[in-house]
Q: 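Pasting in a structure now, in structure tokens, and then I'll have a few things to ask.
By convention in this document, chain letters (A, B, ...) are assigned in the order of the sequence lines, proteins followed by strands, and residues within each chain are numbered from 1. Computation of the quantities below employed the complete heavy-atom set of this structure, encompassing side-chain atoms and omitting hydrogens, waters and symmetry-equivalent molecules. Everything quoted here is computed from the prediction, not taken from an experiment.
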Number of protein chains: 2
Amino acid sequence: MMEQKIDELLKKNHLSITGGRRKILELFLQQDGALSHSDIERRAGEKFDRVTVYRTLQTFLEKGLIHSIPTSDNSIRYALCKDDCSGGQHHDDHVHFICNACGTTVCLEGVTVPSIALPDGYVTEQVEMLISGVCKSCNH
Amino acid sequence: MMEQKIDELLKKNHLSITGGRRKILELFLQQDGALSHSDIERRAGEKFDRVTVYRTLQTFLEKGLIHSIPTSDNSIRYALCKDDCSGGQHHDDHVHFICNACGTTVCLEGVTVPSIALPDGYVTEQVEMLISGVCKSCNH
DNA sequence: ACCACAATTGCAACAGAGTTGCAATTATTA
DNA sequence: TAATAATTGCAACTCTGTTGCAATTGTGGT
């Protein structure tokens, strides 16, 4: 089931299939939202070295399997790229939503980033949008 | 000249006037772009304790003198609020530009954040926009 | 100008995040 | 299954950020 998908993803990105990578990918697939390094460390149990987690995330980033989401509290979150982001470079702009109530961060795939007119001389390469507020689950 | 402006700013925000705060405000006023904690530590010379810089930035944030800019490299930057941002709460949404060439981060005051339609159930409280690309000075 | 009080600072010690080199282990390919 | 390449874990380290406390400095009233 999910194992197959995981191994396919790794293969497609020319990565060796190892326990650590499998486990981390599994965490991302199980979860809708984004994960921080410490989330992963916590949820993976005591099974993997901290360094391995760092290196795995680094590798996944470079291969374009995940992307990073800046936050205002100095704790980068990572989220799976649903569409294929070509290796290392994201041509897709992302809209991310952080819930002030539950802290969950999600990548809003359906929402497109509006184009913005910059002052003369500025060239846009990538746009990242960070919306904070109250998410669907917390809003009732 | 600048000293007057600095002291005024501090007084207006009910802050004691001290060497450290003066120096840090001066750095912000001299500089167009945003500064990270380590920028400040470096440029302030050896004169101030690291802890003082942290606490000063914290205080300035709370009083709304500066605002923080999330980045994807895990290093929060701070920038002066040109307009008065009411104490602690920013009702103004910001557009920030990070130059991939020189690394400078600036707060684009003239640019307004477009409103965005979120999926049902999501409530927006604040929007932060992060554009990376090539800035005016680096683009020739 | 001085005093009492409040606020700020520096120091020390600490917790956490992230990195690097290297040897041991594990995956891949042929 | 053996040879090679890639990944892992460990140890040690740096950098970032925080806290408590005592010493210092700023402020407002007299």
Side-chain angles (χ1 to χ4, degrees), chain A residues 3-4 6-27 34-63 65-66 68-78 87 103 105, chain B residues 3-4 6-27 34-63 65-66 68-78 87 103 105:
Chain A
E3 287 212 0
Q4 290 225 340
I6 291 175
D7 288 5
E8 266 174 43
L9 265 172
L10 289 171
K11 272 229 176 91
K12 192 165 64 180
N13 287 281
H14 309 287
L15 292 170
S16 296
I17 296 176
T18 68
R21 290 179 178 169
R22 274 227 194 91
K23 181 67 187 169
I24 292 181
L25 262 188
E26 190 187 316
L27 288 178
L35 294 168
S36 67
H37 173 93
S38 57
D39 288 336
I40 293 171
E41 236 186 291
R42 214 173 313 115
R43 300 192 199 187
E46 309 273 312
K47 303 178 65 175
F48 305 105
D49 196 80
R50 234 157 38 85
V51 179
T52 301
V53 178
Y54 280 114
R55 290 199 265 229
T56 303
L57 288 173
Q58 188 57 38
T59 305
F60 284 0
L61 258 187
E62 281 162 10
K63 296 288 181 176
L65 258 122
I66 59 176
S68 69
I69 307 170
T71 61
S72 33
D73 67 337
N74 241 357
S75 72
I76 293 187
R77 315 261 170 129
Y78 302 91
T105 306
Chain B
E3 289 212 359
Q4 291 223 340
I6 291 174
D7 289 5
E8 267 174 41
L9 264 173
L10 289 172
K11 273 229 176 86
K12 193 166 61 180
N13 287 282
H14 310 286
L15 293 171
S16 297
I17 296 176
T18 68
R21 290 178 178 170
R22 273 227 193 92
K23 183 63 188 170
I24 292 180
L25 261 188
E26 191 187 316
L27 288 178
L35 294 169
S36 68
H37 173 93
S38 58
D39 288 335
I40 293 171
E41 236 185 292
R42 214 174 310 118
R43 299 193 199 187
E46 309 274 311
K47 305 177 65 176
F48 306 105
D49 195 82
R50 234 156 39 84
V51 179
T52 302
V53 178
Y54 280 114
R55 290 199 265 227
T56 303
L57 288 173
Q58 188 56 38
T59 306
F60 285 0
L61 258 187
E62 280 162 9
K63 296 288 182 177
L65 259 122
I66 58 177
S68 68
I69 307 169
T71 60
S72 34
D73 66 338
N74 243 355
S75 72
I76 293 187
R77 315 262 168 128
Y78 302 90
T105 305

Q: Drop me the distance from B:L65's CG to B:I24's CD1, to the nearest 0.5 angstrom.
A: 11.5 Å
Q: Decide side-chain contact (heavy atoms from CB on, under 4.5 Å) for A:L35 and A:I66; before the verdict, give the C-alpha distance in whole Å, the side-chain angles of both, and the deciding distance to 0.1 Å.
A: CA-CA 10 Å; A:L35 294 168; A:I66 59 176; over 6 Å; no
Q: Which atoms of nucleotides 19-28 of chain D (N or O only) lie under 3.5 Å from a protein N or O atom, and what are those distances?
A:
{"residue": "D:dT27", "atom": "OP1", "partner": "B:I17", "partner atom": "N", "Å": "2.9"}

Q: Stepwise, does the side-chain contact (heavy atoms from CB on, under 4.5 Å) test hold for B:R50 with B:H37?
A: CA-CA 9 Å; B:R50 234 156 39 84; B:H37 173 93; 4.1 Å; yes
Q: Roughly how many Å is it from CD1 in B:I24 to C1' in C:dT8, rounded to a whole number?
A: 12 Å
Q: Please produce a list of atom pairs where a protein N or O lies less than 3.5 Å from an N or O of nucleotides 14-17 of chain D.
A:
{"residue": "D:dG17", "atom": "OP1", "partner": "A:N74", "partner atom": "ND2", "Å": "2.6"}
{"residue": "D:dG17", "atom": "OP2", "partner": "B:Y54", "partner atom": "OH", "Å": "2.9"}
{"residue": "D:dG17", "atom": "O5'", "partner": "B:Y54", "partner atom": "OH", "Å": "3.4"}
{"residue": "D:dG17", "atom": "N7", "partner": "B:R50", "partner atom": "NH1", "Å": "2.9"}
{"residue": "D:dG17", "atom": "N7", "partner": "B:R50", "partner atom": "NH2", "Å": "3.3"}
{"residue": "D:dG17", "atom": "O6", "partner": "B:R50", "partner atom": "NH2", "Å": "3.0"}

Q: Decide side-chain contact (heavy atoms from CB on, under 4.5 Å) for A:T105 and A:Y78; before the verdict, give the C-alpha distance in whole Å, the side-chain angles of both, and the deciding distance to 0.1 Å.
A: CA-CA 9 Å; A:T105 306; A:Y78 302 91; over 6 Å; no
Q: Please state how far atom CG in A:L57 lies from atom P in C:dT19, giving the value in whole angstrom units.
A: 10 Å
Q: Could you give the CG-to-C1' distance, from A:D49 to D:dA12, as a whole number of Å?
A: 13 Å
Q: Once rounded to the nearest 0.5 Å, what's the spacing between atom OG1 of A:T18 and atom NZ of A:K23?
A: 13.0 Å
Q: Without decimals, in angstroms, what is the distance between A:L10 CG and D:dA6 P?
A: 16 Å
Q: Closest approach of A:S75 and B:N74, non-hydrogen atoms and distance?
A: N-OD1, 3.7 Å
Q: Would you say B:S36 and B:S38 are linked by a side-chain donor-acceptor pair, where the criterion is simply a distance under 3.5 Å?
A: yes
Q: Between the two ends of the helix from C:dA1-D:dT30 to C:dA30-D:dT1, what is the bend in degrees, rounded to 10 degrees, where each end axis spans five pairs?
A: 50°
Q: Let me know the distance between NZ of B:K47 and P of C:dT9, rounded to the nearest Å.
A: 13 Å
Q: How close or far is atom C1' of C:dT29 from atom NE2 of A:H14, stated in whole angstroms?
A: 15 Å
Q: B:D7 pairs by side-chain hydrogen bond (donor to acceptor under 3.5 Å, both in side chains) with which of B:K12, B:R21, B:R22?
A: B:R22
Q: Starting from the C-alpha separation in whole Å, work towards a yes-or-no answer on side-chain contact (heavy atoms from CB on, under 4.5 Å) for A:F48 and A:I40.
A: CA-CA 10 Å; A:F48 305 105; A:I40 293 171; over 6 Å; no
Q: Taking atom types as modelled, find out whether A:E8 and A:Q4 have a side-chain donor-acceptor pair closer than 3.5 angstrom.
A: no
Q: Round to the nearest Å and state the distance from A:K63 atom NZ to D:dT7 atom P.
A: 8 Å
Q: Which one of B:I17, B:L15, B:L25 satisfies the side chain to side chain contact (heavy atoms under 4.5 Å, CB included) criterion with B:L9?
A: B:L25
